[in-house]
Amino acid sequence: MNSTLFDAYVADEKKIEPKDWMPDAYRKTLVRQISQHAHSEVVGMLPEANWISRAPSLKRKAILMAKVQDEAGHGLYLYSAAETLGVEREDLYLDLLEGKAKYSSIFNYPTQSWADIGAIGWLVDGAAIMNQVPLCKCSYGPYARAMVRVCKEESFHQRQGFQIMLVMTEGSAEQKAMAQDAMNRWWWPALMMFGPPDGDSPNSAQSMKWNIKRFSNDELRQKFVDMTVPQAELIGLTVPDADLKWNEQTGHYDFGEIDWSEFKRVIKGGGPCNVQRLAACNKAWNDGTWVRQAATAYAEKKSSNATR
Ligand code: FAQ
């Protein structure tokens with residue numbers, strides 16, 4: 001295969017598998033996106049894990065523990081998908097630990113109240129699903145297949161988050177205020193999850209041509225706004241955007257300007273929790289050294305027994 005045949009092959013909705021020929025830049029783009037995605041799932045456990053010990057009931061605690069474990073699983077599928085491209089999981093992870101690799105901006109915001117757990121499930125998992133369902137049709141087979149299972153689990157996450165918000169908005173005035181406060185703090189960062197505006201997105205054009213991305217950042221952001229605003233109305237929450245307005249002509253909601261300077265600051269390491277998140281990942285890695293050593297020693301022992 002060559003580049004021209006490859007382009008025609010993916011344009012024909014055919015899947016690329018690990019042993020197939022692929023342009024170096026395609027491989028590089030996939031390693032970049034899949035590893036950033038894997039890191040996001042892993043770092044994404046931290047804000048929610050912060051509330052496991054403080055969940056308001058045994059049932060909520062069990063649900064939250066299951067959700068956080070699911071995110072770990074998503075990280076594992078994604079690192080495995082990245083490894084099919086000829087990179088080592090440990091190298092990717094060390095880049096994260098050293099602050100060289102990106103992960104989603106959203107996980108650099110703090111979880112200040114229980115309502116934040118509802119807002120994360122509803123808005124953050126909601127945005128993740130919007131972005132990831134199209135990835136189930138991405139041209140790279142292992143990534144597309146990993147996304148099918150991830151999306152099924154994310155939809156349970158989204159439903160549990162919405163249900164937390166629903167219960168809180170039907171509760172006391174204080175609980176309703178907590179839900180609104182969480183909505184106010186998570187709305188704009190959730191919109192930033194889709195990435196920079198299309199005109200400012202260096203990777204989009206090529207990734208769309210290769211059928212890695214199936215919709216642009218702005219298209220997905222708009223779909224998310226259109227889906228979520230009626231849900232907020234249903235549970236009596238106000239979207240914190242004075243410019244939000246239904247547009248009869250376009251059949252979409254118009255919405256206000258996103259603070260892209262905040263987005264840039266957060267992805268450069270200047271968000272409220274970037275330092276804390278990397279410190280937690282490094283601590284977990286260092287504390288887990290003995291586990292990795294024990295697992296490696298056990299695997300070596302088993303394989304030497306097998307060859308005896
Ligand atoms: N945060 O040219 P584009 C989840 C970077 S998983 C940080 O538009 P691209 C589940 C981008 O990497 C959430 N960086 O880039 C969960 C690029 O940098 P580079 C993660 C961002 O790749 C829920 C540069 O800006 N989901 O939430 C962000 O074509 C609850 C230029 O941007 C995925 O990763 C950002 N928000 O499009 C877990 C989905 N946006 O590499 C726990 C897969 C952009 O050139 C709890 N990824 N950047 O240095 C994608 O779909 C894409 O990578 C985009 C970005 C859409 C994120």
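Atom set for the values below is all heavy atoms of this structure, side chains included, hydrogens, waters and symmetry mates excluded. These numbers were taken from a predicted model, which means no experiment stands behind them. Both counts, for ligands and for their atoms, begin at 1 and track the order of listing.
- Under 4.0 angstrom from ligand 1, there are no non-hydrogen atoms of Met45.
- Considering backbone and side-chain atoms alike, Lys213 places an N or O below 3.5 Å from some N or O of ligand 1.
- Ligand-side atoms of ligand 1 in range of Tyr143: 43 (C), range being under 4.0 angstrom from any heavy atom.
- Numbered from 1 in the order shown, with element, the atoms of ligand 1 that lie under 4.0 Å from a heavy atom of Gly44 read 42 (C), 46 (C).
- Checked by distance only, ligand 1 and Phe107 stay at 3.5 Å or farther apart across all their nitrogen or oxygen atoms.
- Distance remark: protein heavy atom not present below 4.0 angstrom from atom 54 (C) of ligand 1.
- Each of the atoms 40 (N), 44 (C) of ligand 1 lies under 4.0 Å from some heavy atom of Gly195.
- Of the polar atoms of Asp125, none of the N or O atoms is found under 3.5 Å from an N or O of ligand 1, judged by distance alone.
- Numbered from 1 in the order shown, with element, the atoms of ligand 1 that lie under 4.0 Å from a heavy atom of Phe194 read 56 (C).
- Annotation: Ser105 places an N or O atom under 3.5 Å from an N or O atom of ligand 1; distance criterion only.
- Here Lys67 has side-chain heavy atoms under 4.0 Å from ligand 1, and that is the only part of it that gets that close.
- For ligand 1, one of its N or O atoms has an N or O atom of Asn217 under 3.5 Å away.
- At a 3.5 angstrom cut-off on N or O pairs, Glu41 does not count as close to ligand 1.
- Under a 4.0 Å criterion applied to the non-hydrogen atoms of Ser40, ligand 1 contributes the atoms 13 (C), 20 (C).
- Contacts between Ser207 and ligand 1, counted as non-hydrogen atom pairs separated by less than 4.0 Å, are absent for every part of the residue.
- Across Gln33, Gln206, Arg32, heavy-atom proximity to atom 50 (C) of ligand 1 is greatest for Gln33.
- The distance criterion of under 3.5 Å between nitrogen or oxygen atoms is met by Lys102 with respect to ligand 1.
- At a 4.0 Å cut-off, not a single heavy atom of His157 sits close enough to ligand 1 to count as contact.
- Of all atoms in ligand 1, listed by their number and element, those nearer than 4.0 Å to a heavy atom of Tyr103 are 1 (N), 7 (C).
- Here the CZ-CZ distance, from Phe215 to Phe194, works out to 12.0 Å after rounding to the nearest 0.5 Å.
- Proximity annotation for atom 41 (O) of ligand 1: of Lys268, His74, Gln36, Arg221, Gln36 comes nearest, heavy atoms only.
- Residue Asn203 has at least one N or O atom closer than 3.5 Å to an N or O atom of ligand 1.
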